[in-house]
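Structure, as structure tokens:
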Amino acid sequence: MKFLLIRLSSIGDIVLTTPVIRCLKTQVATAEVHYLTRHRFQPIVESNPYIDKIHYVQNDLSEVIRLLQAEDYDYVIDLHHNVRSLKIKKALGKKSYSFSKLNIEKWIYTTFKVNQLPRIHIVQRYLKTIEHFGIKDDGRGLDYFIADKDRVKEQDIPASHHAGYISIVIGAAHATKKLPVKKLVTLCSTIDHPIILLGGKEDYEHGERIAQQDPGKIYNACGKFNLNESADLVNRSKLVISHDTGLMHIAAAFRKPILSVWGNTVPAFGMTPYYGSAGNQEQSLSDVFEVQGLQCRPCSKIGYRKCPRGHFKCMRNQNLDAIVQRTYERLGRSQ
């Protein structure tokens, strides 16, 4: 059977689809698995051994549709479920299964602050799309594969960090998902352990501001490494402190202990670090930090450039002492 899986974006969402890819490939003996995503996300999927062929959307959707029509799929698994994926499914005219985005429930929660969301992780909602084929969750969690060419060389990180370090992800797609720089400065200055800051080029200046507090302890890697190299740095770290962002899910794929810090989004959306069901690892490796009791939260299912209320209490009121304390506990040491 020939399958097309669709997930066009983004980093974290694509990583969260990897159990579907793996379970489909390993549990259906005749499965040929193709994956469709945007070209800029190639590094996430290019080394996945469970994918037989990858197709990329660049600018012209009609061009990729023509290529997909020539593949003559048996089934389409829509893990994106938007206007573009609907257009693709309609053009292919094949039997398809789509996951529920729960947009109405999320709208009710963000608008009226009434939580009607089912207590189910998005990975489990993704997996429901392939239940028809007799596929069950194998409990192995997420996958992330890095080619040898993207392994970070020892000489590319400070010698002071070779014995071990903490990764702190300071970036995120939206400002309301990120701790203010002043809070990050305080957090990194307080933690007595080598730290590597991770983020994109857009986070470099903030990283420099944080690192200058203690250049020997804090290494600013923001914008210096590509996505897979940053993922390799995550894989080599002792633990990860992260906002609700793609590298958080990559850290979960590597079974790293994660201290996740939540702002305008909430864990109830079903996108917390996911380790799978084997050994109940999710509970033991994940710590969630959020400001409780805010009537304005969640204000969005995605995020904003700035706090709609102007006070940004969901991040400004984060308990840094609790994060530092849990960091030391995870490291197996006292303050």
Side-chain angles (χ1 to χ4, degrees), residues 11 15 43-44 47 144-172 178-243 245-261 273 275 285-287 289 318 320-335:
I11 295 171
V15 175
I44 307 171
S47 296
Y144 200 91
F145 302 96
I146 303 174
D148 289 341
K149 64 182 177 63
D150 287 328
R151 299 290 179 184
V152 177
K153 298 179 177 62
E154 286 289 309
Q155 60 265 31
D156 289 337
I157 59 176
S160 55
H161 291 57
H162 288 179
Y165 57 85
I166 297 168
S167 288
I168 299 184
V169 182
I170 68 170
K178 298 191 290 188
L179 282 165
V181 178
K182 287 184 179 180
K183 298 282 282 189
L184 286 166
V185 167
T186 301
L187 177 64
C188 294
S189 298
T190 305
I191 295 173
D192 182 22
H193 199 82
I195 293 169
I196 288 184
L197 304 177
L198 295 174
K201 293 180 180 179
E202 67 278 7
D203 303 303
Y204 175 78
E205 290 187 8
H206 286 168
E208 286 295 280
R209 180 176 168 187
I210 298 165
Q212 71 181 3
Q213 308 303 314
D214 191 339
K217 180 182 74 174
I218 308 169
Y219 174 59
N220 178 24
C222 296
K224 297 178 182 177
F225 299 91
N226 64 34
L227 175 59
N228 280 340
E229 290 168 339
S230 295
D232 189 44
L233 291 173
V234 164
N235 189 29
R236 294 164 59 172
S237 62
K238 292 182 177 178
L239 64 87
V240 178
I241 301 174
S242 178
H243 303 129
T245 189
L247 281 176
M248 178 186 77
H249 298 297
I250 291 173
F254 290 129
R255 313 299 191 266
K256 294 296 172 179
I258 300 170
L259 282 63
S260 58
V261 184
Y275 299 93
L285 290 176
S286 174
D287 296 294
F289 294 88
Q318 285 283 347
L320 297 188
D321 289 339
I323 297 174
V324 173
Q325 176 63 35
R326 188 56 176 154
T327 297
Y328 287 138
E329 291 171 357
R330 285 290 186 187
L331 293 173
R333 49 171 282 196
S334 60
Q335 295 192 38

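FYI, the numbering just counts along the sequence from 1.
- Rounding to the nearest 0.5 Å gives a distance of 10.5 Å between NE2 of His193 and CD1 of Ile168.
- Minimum interatomic distance between Pro257 and Arg330 (heavy atoms only, all atoms of both residues): CB-CD, 4.1 Å.
- Listed by first then second residue, pairs satisfying salt bridge (Lys or Arg N to Asp or Glu O under 4.0 Å) with a partner in residues 225-238 read Arg151-Asp232, Glu154-Arg236, Asp232-Arg236, not counting sequence neighbours.
- Going from atom CZ of Phe145 over to atom CG of Asp150 covers 14.5 Å, rounded to the nearest 0.5 Å.
- Heavy atoms from other residues, nucleotides or ligands lying under 6.0 Å from CZ of Phe289 number more than 12.
- For residues 198-216, every residue pair satisfying the salt bridge (Lys or Arg N to Asp or Glu O under 4.0 Å) rule, not counting sequence neighbours, is listed here: Lys178-Asp203.
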*What's the verdict on side-chain contact (heavy atoms from CB on, under 4.5 Å) for Val240 and Leu247, showing C-alpha distance, side-chain angles and the deciding distance?*
CA-CA 9 Å; Val240 178; Leu247 281 176; over 6 Å; no

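- For Asp192, the salt bridge (charged side-chain N to carboxylate O under 4.0 Å, His left out) criterion is met by Arg333, not counting sequence neighbours.
- With rounding to the nearest 0.5 Å, the separation of CD1 in Ile250 from OG in Ser242 is 9.5 Å.
- Residues meeting the side-chain hydrogen bond (donor to acceptor under 3.5 Å, both in side chains) test with Ser260, sequence neighbours left out: Trp262.
- Taking 4.5 Å as the limit, some side-chain heavy atom of Leu197 sits within range of a side-chain heavy atom of Ile195.
- At least one side-chain heavy atom of Lys256 sits less than 4.5 Å from a side-chain heavy atom of Asn235.
- Checking side-chain atoms of Arg326 against main-chain N and O of Val324 turns up no donor-acceptor pair under 3.5 Å.
- Remark: Ser189 pairs with Val185, Gln213 by the side chain to side chain contact (heavy atoms under 4.5 Å, CB included) rule, at least two apart or across chains.
- Side-chain contact between Asn220 and Ile210 is absent, with no heavy atoms from C-beta onward closer than 4.5 Å.
- Of all the heavy atoms in Ile170 and His243, the pair that sits closest is O-CE1, 3.3 Å.
- Within the model, atoms OG1 of Thr190 and OH of Tyr328 stand 7.5 Å from one another, a figure rounded to the nearest 0.5 Å.
- If you take OG on Ser160 and CD1 on Ile218, they are separated by 11.0 Å, rounding to the nearest 0.5 Å.
- One N or O on the side chain of His162 and one on the backbone of Ile157 form a donor-acceptor pair closer than 3.5 Å.
- Not a single donor-acceptor pair under 3.5 Å links the side chain of Ser47 to the backbone N or O of Pro43.
- Partners of Pro215 by side chain to side chain contact (heavy atoms under 4.5 Å, CB included), not counting sequence neighbours: none found.
- Within the 3.5 Å criterion, the main-chain N or O of Leu233 finds a donor-acceptor partner in the side chain of Tyr165.
- Annotation: side chain of Lys183 is in contact with side chain of Leu320 (closest heavy-atom distance under 4.5 Å).
- For Ile258 against Ala252, the heavy-atom pair with the smallest separation is CD1-N, 3.5 Å.
- In terms of modelled atom types and a separation under 3.5 Å, the side chain of His161 and the main chain of Lys217 share a donor-acceptor contact.
- What you find for Ala231 and Tyr144 is that their closest heavy atoms are CB-CE2, 3.7 Å.
- Residues Gln318 and Leu187 are not in side-chain contact: their nearest non-hydrogen atoms beyond the backbone lie 4.5 Å or more apart.
- The minimum heavy-atom distance linking Thr245 with Ala172 is given by the pair OG1-CA, 3.8 Å.
- Across all their heavy atoms, Leu198 and Cys222 have their closest contact at C-SG, 3.5 Å.
- Between atom CD1 of residue Ile44 and atom CG of residue Asn228 there is a gap of 8.0 Å, rounded to the nearest 0.5 Å.
- The closest side-chain heavy-atom distance from Asp156 to Phe225 is below 4.5 Å.
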